[in-house]
Amino acid sequence: AGTKEDSFNVLDLAEYTKNRPWWRKVFAPSSGSSAEKYNVATQLVIGGVTGWCTGFIFQKVGKLAATAVGGGFFLLQIANHTGYIKVDWKLVERDVNKAKQQLKFHSSGNKMSPEVKSRVDEVIIFLKKNVVLTGGFAGGFLLGMAS
């Protein structure tokens, strides 16, 4: 097997800090994970509160979206029944079948694009570094969805 030459980029930290935006200097003074900045209790509280807020908002937006979709479908049916609009159901069925075929094609491949795979890997690394924060977030999210 052939050897691959590694190339390294030199990072001048003085120039890097000069070019950093002010908000990163204020809100992210260190580049380490949150596990290094806060103790376990603080991480649980931060994760729990943000998770609860996210779950609560997610629940409210979900209900609103379901109401909007259901109401839209209901209005569409009334308009079709009264004759205001004419729905070509054969065209709808053909498009639904085409969408099903595309979903089957994409799901059977099991291939992720490199961009998606790198993002997934970044998320997994973050979750591993911040297990306590993530656990607090997940618990808070479930409580927010339940409330």
| message | What verdict does the side chain to side chain contact (heavy atoms under 4.5 Å, CB included) test give for Asn80 and Trp89, after you've listed the backbone C-alpha separation in whole Å, the side-chain angles of each residue and the deciding distance to 0.1 Å? | response | CA-CA 11 Å; Asn80 182 39; Trp89 290 110; 3.8 Å; yes

| Would a 4.5 Å heavy-atom cut-off, applied to side chains only, mark Leu142 and Met145 as touching? | no

| note | To the nearest 0.5 Å, atom CG of Asp95 lies from atom NZ of Lys90 at 13.5 Å

| query | Taking atom SG of Cys53 and atom CZ of Phe137, what is their separation to the nearest 0.5 Å? | reply | 9.5 Å

| Does any non-hydrogen side-chain atom of Ile46 lie less than 4.5 Å from one of Gln43? | no

| How many angstroms lie between atom NZ of Lys98 and atom CZ of Arg94, to the nearest 0.5 angstrom? | 5.5 Å

| said: Rounded to the nearest 0.5 Å, what separates atom CG in Leu127 from atom CD in Glu122? | reply: 12.0 Å

| request: Any chance you could measure Leu133, atom CG, to Thr50, atom OG1, to the nearest 0.5 Å? | output: 6.5 Å

| query | For the residue pair Trp52 and Leu143, what are the closest heavy atoms and their distance? | reply | CD1-C, 3.7 Å

| message | Could you see if Val92 belongs to whatever hydrophobic cluster contains Ile85? Use Ile, Leu, Val, Met, Phe, Trp, Tyr and a side-chain cutoff under 4.5 Å. | response | yes

| For the atom pair CD (Glu93) and CG (Asp88), what is the distance rounded to the nearest 0.5 Å? | 10.5 Å

| request: Please check if Val123 and Phe126 belong to a single hydrophobic cluster, counting links between Ile, Leu, Val, Met, Phe, Trp and Tyr side chain heavy atoms closer than 4.5 Å. | output: yes

